[in-house]
**Q** 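Right, I'll just put the structure down here and ask away after.
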Amino acid sequence: MIASENVMSRAVKKLCSSEIGERYCVGPAAPWRYPREAQLEEIVVRTRELAARIFGGKASTVAPLSGSQCVAAIVLGICKPGNLVMGVSPSDGGHWALRGMADKLQCRFAPLPLTGRATVDCDKLAQMVKSNRPTLVMVDQSHSVEAIPPESLRSALPANVPLFYDISHFMGLVPHNYLANPFGRGITALHGSSHKSLFGPQKGLIVFGREADSEMIAKISVVAEKILSSNTHLHHVAALGWALEEYEAFGEAYAATVVKHARLFAQTLQRQGLVVLSAQRSFTESHQVLAKVNSNAEAAWNGLTAAGILANLIRLPREDAPGLRFGLAETARLGYTASEIEELGLLVANLVNGRSDAQTAKTSVKDLSLRPRSMKFCFEENPGTPVNAPRKAIA
């Protein structure tokens, strides 16, 4: 139940370990030439096109090896020493990559003025921008149960200040649930890692919106594809492409199931006396559930881990207290039922509240884990079936 992890289908796993991972592909613009360039580059081109199509953008790069590399490519591509970058403070649930990259490039960093976990003080932001215009603004939440509305940020930003949105955690929910119509709401580019709520390999991608400046796209893409990496790691690109095909086919149903699981899990925790950090309209709009722990948080987390329930111990956003972060993407992919989600919630609550011990709970967790499962929201894989053969869906 770790929010930053997911499970891949057998086909995606096979591509991750396939023979093309032993081959080089540095792109047609490289000064060195390799045989089979056209055939190998086609894998990259098709994956780029698929990523752009799914998220509604006009271009993408799939060269980054991680979400942090996406951030590095963006900052290195368009920033210079002394420039100002703005992002979500770690105390508000922001990731450390943006601040770290800004520091390395000797850029200045300013936190976005949030008034809640997903609300922005637009007047204050407008004043900040007026006195010192940022080179870029990035929404980079790691702990979130709802999206910061991009249009609220865009309303306070000049048109030529790009707005980047890190969807590392929420890539498997965009654009169906978490951030509908992203490029119609003022976002310049989406970026992030592909192995959290999305069920791809551990990799990164950047998708540029239709209003993104061509020069900016070129600068960021060159850094991602020629500076931070040269060989494109084709096995991971191919695996990402297949995962995106699965998502294109089943993403809407998958995203709905993930959010349904997360809300049911959160509701169960609350019914059992735990304090759940809720979104404005529901318990959660994402795959994440954030819970306060009134007793010793470290002890509660250790108890869960000992019982075989894996979650994150975090500092809760905008709360001066530790808490637990759960992710419900993996349970959706593995076909857990609603009653099993409630069973999980009860196990967690009983452990945290001291009504059960880890050894007793471990027996129930093992029973849940060993029940027959089949991968959902993927293409059925038949041994010996050609890749281009008709594929049967498992919904």
Side-chain angles (χ1 to χ4, degrees), residues 2-6 64-79 83-105 107-114 116-120 125 134-150 153 162-174 178-179 182 187-198 200 202-207 220 223-224 228 277 284-290 311-320 322-327 329:
I2 295 177
S4 53
E5 296 179 358
N6 210 331
L65 304 181
S66 66
S68 293
Q69 268 207 352
C70 293
V71 174
I74 291 165
V75 175
L76 288 171
I78 63 176
C79 292
N83 286 167
L84 174 66
V85 300
M86 301 183 74
V88 178
S89 167
S91 63
D92 290 326
H95 196 272
W96 61 79
L98 178 61
R99 177 65 180 270
M101 196 64 228
D103 288 346
K104 289 294 183 183
L105 195 60
C107 291
R108 293 168 296 133
F109 175 85
L112 289 168
L114 300 188
R117 287 187 293 272
T119 52
V120 181
L125 177 59
T135 301
L136 68 87
V137 174
M138 185 178 293
V139 178
D140 52 340
Q141 295 168 291
S142 290
H143 316 317
S144 177
V145 294
E146 60 184 320
I148 294 175
L153 289 162
L163 175 60
F164 294 88
Y165 214 110
D166 189 334
I167 56 168
S168 291
H169 269 281
F170 318 108
M171 195 174 287
L173 307 177
V174 177
Y178 187 78
L179 194 64
I187 294 174
T188 306
L190 301 170
H191 65 278
S193 52
S194 55
H195 58 273
K196 294 173 182 170
S197 60
L198 188 67
Q202 294 201 6
K203 192 163 177 52
L205 61 85
I206 305 172
V207 180
I220 294 172
V223 174
L228 295 178
L277 273 62
T284 179
E285 301 290 334
S286 80
H287 65 304
Q288 293 189 16
V289 174
L290 308 179
N312 291 120
L313 179 65
I314 65 166
R315 177 65 57 174
L316 293 169
R318 299 188 67 80
E319 300 277 344
D320 187 23
L324 298 169
R325 181 181 71 171
F326 300 90

**Q** Do Ile220 and Phe164 pass the side chain to side chain contact (heavy atoms under 4.5 Å, CB included) test, and can you show the C-alpha distance, the side-chain angles, and the key distance before you say yes or no?
**A** CA-CA 12 Å; Ile220 294 172; Phe164 294 88; 3.9 Å; yes
**Q** Kindly give the heavy-atom pair with the smallest separation between Pro182 and Leu190, and that separation in Å.
**A** CG-CD1, 3.9 Å
**Q** When rounded to the nearest 0.5 angstrom, what distance separates CD1 in Ile74 from CG in Leu98?
**A** 9.0 Å
**Q** So Leu290 and Gln288, do their side chains get closer than 4.5 Å, heavy atoms only?
**A** yes
**Q** Is there side-chain contact between Ile148 and Tyr165, with at least one heavy-atom pair below 4.5 Å?
**A** yes
**Q** What's the spacing between Leu324 CG and Ile314 CD1 if we round to 0.5 Å?
**A**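 Leu324 atom CG to Ile314 atom CD1 measures 8.0 Å (nearest 0.5 Å).
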**Q** In chain order, what residues pass the side chain to side chain contact (heavy atoms under 4.5 Å, CB included) check against His195, with sequence neighbours excluded?
**A**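 If we apply the side chain to side chain contact (heavy atoms under 4.5 Å, CB included) test to His195, skipping adjacent residues, the hits are Ser193, Gln202.
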**Q** Check whether any side-chain heavy atom of Met138 lies under 4.5 Å from a side-chain heavy atom of Val85, and answer yes or no.
**A** no
**Q** Could you tell me which non-hydrogen atom of Ser142 sits nearest to which non-hydrogen atom of His95, and how far apart they are?
**A**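 Minimum heavy-atom contact is OG-CD2, 3.3 Å.
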**Q** Between the side chains of Ser197 and Tyr178, is a donor N or O closer than 3.5 angstrom to an acceptor N or O?
**A** no
**Q** Are any of the side-chain heavy atoms of Leu136 and Cys79 separated by less than 4.5 Å?
**A** yes
**Q** Decide side chain to side chain contact (heavy atoms under 4.5 Å, CB included) for His287 and Phe170; before the verdict, give the C-alpha distance in whole Å, the side-chain angles of both, and the deciding distance to 0.1 Å.
**A** CA-CA 8 Å; His287 65 304; Phe170 318 108; 4.0 Å; yes
**Q** Nearest 0.5 angstrom please: Ile167 CD1 to Ile206 CD1, how far?
**A** 11.0 Å
**Q** Any side-chain heavy atom of Leu277 sitting closer than 4.5 Å to one from His143?
**A**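 No; the side chains remain at least 4.5 Å from each other.
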**Q** If you define the side chain from C-beta out and look only at heavy atoms, does anything of Val137 sit under 4.5 Å from Leu112?
**A** yes
**Q** Can a donor-acceptor pair be found, under 3.5 Å and without considering hydrogens, that links the side chain of Lys203 to the backbone of Pro64?
**A**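 Checking the backbone N and O of Pro64 against the side chain of Lys203, a donor-acceptor pair under 3.5 Å is found.
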**Q** Looking only at non-hydrogen atoms, find the nearest pair between Ala3 and Lys196 and report the distance.
**A** O-CB, 3.8 Å
**Q** Work out which heavy atom in Glu146 is nearest to a heavy atom in Ala118; give both atom names and the distance.
**A** CG-CB, 3.4 Å
**Q** Who passes side chain to side chain contact (heavy atoms under 4.5 Å, CB included) against Pro149, sequence neighbours left out?
**A**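 Pro149: side chain to side chain contact (heavy atoms under 4.5 Å, CB included) contacts with Glu151, Ser152, Arg185.
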**Q** Mind checking salt bridge (Lys or Arg N to Asp or Glu O under 4.0 Å) for Glu319 and listing every partner two or more places apart, or none if nothing turns up?
**A** Arg117, Lys292
**Q** For the backbone of Leu114 and the side chain of Arg318, can you confirm whether one donor and one acceptor N or O come within less than 3.5 Å of each other?
**A**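 Such a contact is found between Arg318 side chain and Leu114 backbone.
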**Q** Does the side chain to side chain contact (heavy atoms under 4.5 Å, CB included) test come out yes or no for Leu179 and Ile187, once each step is laid out?
**A** CA-CA 11 Å; Leu179 194 64; Ile187 294 174; 3.7 Å; yes
**Q** Would Leu198 and Asn6 count as a side chain to side chain contact (heavy atoms under 4.5 Å, CB included) here? Give the steps.
**A** CA-CA 7 Å; Leu198 188 67; Asn6 210 331; over 6 Å; no
**Q** Donor-acceptor pair, distance only, cut-off 3.5 Å: does the side chain of Ser286 make one with the backbone of Ser144?
**A**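 At least one qualifying donor-acceptor pair exists.
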**Q** Look at the side chain of Asp140 and the backbone N and O of Val88, then say whether any donor-acceptor pair between them is shorter than 3.5 Å.
**A** yes
**Q** Under 3.5 Å, is there a donor on one side chain and an acceptor on the other for Ser91 and Ser89?
**A** yes
**Q** What pair of heavy atoms forms the shortest contact from Ile78 to Pro162, and how long is it?
**A** CD1-CG, 4.1 Å
**Q** Quick one: closest heavy-atom pair of Gly77 and Val223, and the distance?
**A** CA-CG2, 3.8 Å
**Q** Would you check if the side chain of Asp92 reaches a backbone N or O of Gly94 as a donor-acceptor pair within less than 3.5 Å?
**A** no
**Q** Would you say Leu76 and Leu228 make side-chain contact, with heavy atoms under 4.5 Å?
**A** yes
**Q** What I'd like to find out is whether the side chain of Leu125 reaches to under 4.5 Å of the side chain of Met86, using heavy atoms alone.
**A**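 The answer is yes, as the side chains (C-beta and beyond) meet within the 4.5 Å cut-off.
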